[in-house]
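Take a look at the structure below.
Each chain gets a letter, A, B and so on, in the order the sequences are listed, and its residues count up from 1. Remember, it's a predicted structure, so these values are computed and weren't measured experimentally.
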Amino acid sequence: MTAPPESPVVAENLVKRFGSFTAVDHVSFRIGRGEIVGFLGPNGAGKSTTLRMLCGLLRPSEGRAVVAGIDVVRDPESVRQRIGYMSQKFSLYNDLTVAENLRFFGGIYRVPRKERPERIRFATEMAGLAGRENSLVSNLAGGWKQRLALGCAILHRPPILFLDEPTSGVDPESRRRFWDLIHTLSADGITVLVSTHYMEEAEYCHRVALIDRGRLIQMASPAALKQHSLGGELLLVECEAIGVAMAALQEAPGVHDVAAFGNTIHILVDNAAAALQALPAYLAEHGAPLTRIERISPTIEDIFVQLVGAESRSAGLPS
Amino acid sequence: MFERILQMLIKEFLELKRDKWARFRLIVPPLVQMLVFGYAATFEVYHVSTIVLDRDHTQESRELISRFTFSHRFDIVRVAETDAEVTNGIGRSEAALAIVIHADFAKALRQGQAAPLQVIVDGTNSNTALLSLGYLDQIVTQFSADYTTDLIRRGAAGPKGKPIQVTIEPRPWYNADLNGKWFFVPGVVGSLTLVLVVSLTASAIVREREVGTLEQIIVTPIRPFEYILGKTVPFFLIGLAEVALVTLFGTLWFDVPFVGNPLILLLGTSLFLLSSLGLGLLISTVSKTQQQAFAANFLVVNPLFTLSGFSFPITSMPEPLQWLTCLNPLRYFLVVIRATFLKGTGLDALWPDLLGMAALGVALLGFSVLRFRKSLD
Amino acid sequence: MRLRRIKAIAVKETLQIRRDPISLLIALLMPFMQMTLLGYGVSLDVKHLPVCVFDREASQNSQALLKRFQASEYFTIVEGFDDYREVTTALDRGTCRIAIVVPQDFSERLSDTGSSAVQALVDATDTNTANVAIGYAQAVVSGFSASVELFVESLNGNPVARLQPVAAQSRVWFNEDLESRNFIIPGVVALVMALVGAELTSLTISREWERGTMELLISTPVTPMELMLGKLLPYFAVGMFDAGLCLGLAIFWFDVPFRGTLGTLFFTTSLFLIVVLGIGYLISTAIRSQVGAAQIGLLVTLLPCTLLSGFAFPIDQMPPAVQGVTYLVFARYYVTCLRAIFLKGAGLVDLAAPILAMILYAGIVAFLAARAFRKRLD
C-alpha cells in the first residue's frame, strides 16, 4: 500500500530496540511535500535512530516506514536514489578535494552526464566554495564542510532530504546560513527532515517534532507550540545562590514549576503580577536574594521541558 | 616513588586481565606457531618420490632397485617403461628423482667394469635434491661394497689385491637423530618472545597516547622514568612467562631435551628482553596511532626475524648480511637458547653472546628512554 | 550493476591510495624490502662451513685428505687442535661446526686391511646444515678414497680395482647449480604478493567505517558488488605493479632463470592477486577496526604463507595431516605455479591443477565477500 503523493514520508509506529534498550518507542507521523520538519530533543533521545530507520540504514524492530511511496523495510534499495542523506559527522572524504568529493557523489548517484557540470557548479556555489574546488576537505572549517556535505546530498535532485544534526559544532553564523539554504531548497518543493539539539532552531521549521527518550511528545508548528497553554505564566529569576533558591521556590505558594536555565531560573506561576511582588521578599527570607526578576515569554525549550515533565509525570517517571 | 610504580603495575595488569584480545594473543598464537613449526617446518627428506626405469631386468638390477624400495627415504611411485615416461614424470613433478638402469648393467658388473647408473634429480628444491643425492650415494656405495665383498667371498673374478676404501663416520653431536624439531622448537621460543614483547609494549603506550590518557598521566607528579618502568616491567614479566610457557610446551609435547642450566636461560632471556622492551619503546615514540605502531612493528620485527638464524643459517648469508646480524639481539638469543636446550654449555662458552645482548639491550633501552622523555615534552 | 558507480568508487579509491602514506609504504617499500631481505637472507646453501681438524696421525695421507677439505668450497678449516678437549670446546662454543678427527692408525689400517675411517663430529643443532654437511663430507672423502685406490693400484701395476662398481651419474634438471636461491625466490615473490595484497585491502573497508564515510556510502544506491569491484580495481593495478617489481627483481637482480612465458606468468599472477585481494576485502568487511583488520590480515597471510605454502619447507615432506592443511593455503598454488614457470618452463596446461584450485578459491572468496557486506548499520 503506498501513501498518497502528498505524504513523501510516513512513519507508522516505528520501534527500535537495541537489546533491552528501546531507542525509538512507537513513533508515528506524516510529512507533507516541501515541508521542513525539525526533530528536536536532547542527545540520546532517538532522533538519529528514527532518521536512520527512514533511510533504510537500520531495520525497525516494529512498525512501517514509507518514503517516496516505497516501503522502506521491504525495499530499502529503491529508496536510496530518491533521498539525500547527511550523517552526523558530515562524512566527507577528508583526503579528497571539494571537486573530487562532488564528482564522486555525482558518479554514485549517476547524475546524467549532461547535467553533471552544472549540478556540480551549483553545489559548489551553494556551499560558497567557488574558487576553492581544489582544496582538500581536511583543510576546510566546519561551516564549509557542512555546506559541502549538503551539496553532495542534492546533486541528484532528491525530493526528500534527511539531515542528521547538520548544525552540530558549527558556528552560529554558519548555522543561520545553512538554514537559509534549507529554506531555498524547501521553496523548490524538496521535503526536508532535520534533527537538531539546538532548541532555538525550531523557529526555522514548518513543523517541529519534540522527541524525548524515544517517544514523540508533540508535533506541531512552532507557533502552535508556543500558544500551547503552559498553564501559567513564566518568570525569570537571576540570583547568586541558585541551588538554595530553587529549593526554596519549589515550596513557594503559587509556583507550579521550577527549572534551571543556565544561570537563571524559570518559574511557572499562576499570577505573574502577584509573584513579581511576593517573590523577592520570599527569596530574601530563604537566604537567596535575587538580582533580577522579570516576566518572559516561553521559548520552545520551556515548552519542551514542560511537556517532557508532563509526559514523565503521567508515565510515572522522574522528570 | 615505588608506590607510584606499583600503582602503574597494578593498572597495567588489570587492563591486561580485562583485555580478552591480549590474553588470546599471549597464548593461542604462540602455541599454534609452535605446533605448526614443530610439524610443518622440516628440511628433512623422507619419501622422495622416485621413478624407476629398469632396462636390464637382471637379478643385480632388481637387487639394486629393492635397496631403494626398502629404504625409508625413497618412495617408488612409478615403474616406467620408456624414457618419455621418465621425462614427463620429472617435468610434471610426479617424482623428484628418477633412476635409469641401462641394459648392460649386470654384464658390466660381472666383467669388473663400471656399471653406469643414470640418475635424474629435479633440482627445483635444491636442498631436497642435495639431500636426496646424498642418500642415493649412500645406497649405491653400500650396494657396491656389498657386491664387491660378495665377489671376493666367492672368489669369483674381481679385483686383485685388497679393495681400498676410505670412509667417513658421521657423529652428530647434541642431536644424535638429527631431529629437525630439536632445531626449530627452541628457536620458536626466541622469535615468539621478540614479536610478542615488542608489539605489546609498543601498542600499550601508543594506545594511551591515542586515547589521551597519556597526557593525563604526564600531568601527575609521576616522573618519566617511573612511568617507563611502570609500562615496561609488566611486559618484562610477561616475556619471562612466555619463555617459560613455550619452553615447557616444547619439552613436554615435542620431547625436545633440555640439558643446560635454566638459570643461564633466565639470564639470557632477561638480557634479550631489555632489547625487546627497548624496541617496543622506540616504536611507541615514533607512532601516533595504533596503525602506525603496527606498521612500524612489522618493518622492524620482520627483518630481525628473518636475519636471525631462526630457520635459515647465518653462515649461508652473504658476508655483509652476516655482519649486519651482529646487531640483531635475536641472533644471540637463539644461540643461547639452542645451546641451553641441546648443548648444555655454560657461561664460559656463551659469554660473548650474552655480552652482545647486554650491550645491545642497554643501548636500545637507553636510546629509546631518552627519545621517550623528549617526546613527552 | 552500474559501471558509473564502479568507476566513481575506483577513482575515489585511487585518489585515496595516492594520498595515504601507509598504503604507499605497504605498496612500494614492503615488496622491495621483503624481496631484498628474503632474497639474500634466505639460503640453504652450505658454503664455507667452519671446520676444525684433529689430526692424530699427521702423515702424508692424512694431510692429503685434509687438504681436500680445505680445497672444497663447502668447508673452511679454521683451526687445528692437538687435544680432544679443545675439539669439544670448539664445538660447544660454535667456533666450528664440524670436527674431522683422523685416528692415529689411519694409514696403518689402510695398508693392513685396506679400509680406514675418519670421524666427523658434527654440530647437529642445525639439522639441515648438518645433513648437507655430512653429505658433502662424504663426497670429499669418497673422492679421496678413489684417488688413494688409483695411486695404490698404479704403483702395483695392476688394473684399477673398481671399488665403486656402480657409478652413479647424476644429472640435475631445472636448477643445475643447485642454488637454493632459485628455489626460494619464486616462493618469496608469492609470499610478498600475498602479504602486500592482503594488507592493502584489509584496511579499505574498515577505514571507511572508522572515518564515518561508510555510513553515508550505504545510504546511496551503490550495491555491495559495485563497491567491491570499484574498491578492488585500483588495488589490482597496484598489485600487478608490485608483481612486476618483484618478478623483475627475481629475474634481473637475483638471476633466477626464467624459462616460461610471460603470458602464463601474467595469467597465474592475476588469478592469485584476485584471491589475495578478495581475502583482504573479506577481512575488512568482517572487522570494523583498522588495527584489528590489519592484524588479522597479517595473521592469515604471514604464518600460513611462510610455513605451509611450500615456500621454504617442502610440502611433500610434511606429515600427511599437515599436507592436508596446506590445500587450504592459497599461496601454495601460486608458489607451485611460479616455480614451475621459472624453472621448468611450464605452460597453462601443465599448471591446470593449481590454476583450477585458485579459480575455485577466488570464486568462494568473492561469494563470501559479496555476502558479508551488509548495507545496514546494525
Side-chain angles (χ1 to χ4, degrees), chain B residues 36 39-43 90 109 112 114-131 133-134 140 143-144 147 159-160 162-175 178 180 183 290-291 294-295 303 306-307 312-313 316-318 321 338 342-343 345 349, chain C residues 22 37 40-45 92-93 114-132 134-135 137-138 141 144-145 148-149 152 158 161 163-175 178 180 183 290-291 294 307-308 313-314 317-319 322 339 343:
Chain B
V36 180
Y39 287 118
T42 171
F43 289 125
I90 302 274
L109 273 181
L117 178 72
Q118 195 188 355
V119 175
I120 300 175
V121 66
D122 183 347
T124 309
N125 186 334
S126 51
N127 200 60
T128 320
L130 262 174
L131 294 175
L133 284 177
V140 167
F143 177 83
S144 302
Y147 186 80
K160 306 188 179 35
K162 299 189 208 99
I164 298 197
Q165 189 178 26
V166 181
T167 54
I168 190 164
E169 290 165 9
R171 297 243 180 288
W173 271 25
Y174 316 123
N175 186 351
L178 288 169
F183 171 61
Q290 290 265 52
Q291 225 201 332
F294 183 72
T306 314
L307 297 178
F312 304 105
S316 303
M317 298 178 193
L321 270 184
R338 288 191 177 128
L342 302 174
K343 289 189 184 180
T345 43
Chain C
I22 300 240
L37 208 63
Y40 282 118
V42 170
S43 168
L44 295 167
D45 299 332
D92 279 350
R93 285 233 180 102
S115 79
S116 197
V118 297
Q119 275 194 358
L121 308 177
V122 184
D123 181 342
T125 42
D126 180 345
T127 48
N128 193 60
T129 307
N131 258 324
V132 175
I134 289 174
Q138 279 170 335
V141 171
F144 175 75
S145 180
V148 168
E149 155 206 344
V152 167
N158 281 332
L163 237 330
Q164 271 278 59
V166 183
Q169 296 155 357
S170 307
R171 269 178 42 225
V172 179
W173 279 16
F174 307 130
N175 185 3
L178 284 175
S180 69
F183 157 66
Q290 284 190 76
V291 179
L307 293 177
L308 299 173
F313 308 118
Q317 301 299 330
M318 297 179 191
V322 182
R339 289 212 176 110
L343 299 174

So for [X], is it side chain, backbone, both, or neither that comes closer than 4.5 Å to the heavy atoms of chain C?
X         : value
Asn127(B) : side chain
Thr345(B) : side chain
Ile90(B)  : both
Ile120(B) : both
Phe294(B) : side chain

Heavy-atom cut-off 4.5 Å, strictly under: side chain, backbone, both or neither for [X] against chain B?
X         : result
Leu121(C) : both
Val122(C) : both
Thr125(C) : both
Gln290(C) : side chain
Leu308(C) : side chain

Parallel, tilted or perpendicular, judged at 30° and 60°: which one describes the rings of Phe313(C) and Phe43(B)? tilted
Out of Val172(C), Val322(C), Val118(C), Leu343(C), return the one with the most heavy atom pairs under 4.5 angstrom to chain B. Val118(C)
Based on non-hydrogen pairs under 4.5 Å, which of Gly135(C), Ala130(C), Pro314(C) is most in contact with chain B? Pro314(C)
Does the side chain of [Y] come within less than 4.5 Å of [X]'s, by heavy atoms?
X         : Y         : result
Leu131(B) : Asn128(C) : yes
Leu178(B) : Ile134(C) : yes
Thr124(B) : Asn175(C) : no
Asp92(C)  : Tyr174(B) : yes

Keeping the roles fixed (side chain from Ser316(B), backbone from Asp45(C)), state whether a donor-acceptor pair exists under 3.5 Å. yes
Any donor and acceptor pair, going by atom type alone, linking the side chain of Ser126(B) with main-chain N or O of Ser180(C) inside 3.5 Å? yes
If you count heavy-atom pairs under 4.5 Å with chain C, which of Pro303(B), Gly123(B), Gly134(B) comes out on top? Gly123(B)
Should the pair Lys343(B)-Asp123(C) be classified as a salt bridge under the 4.0 Å nitrogen-to-oxygen rule? yes
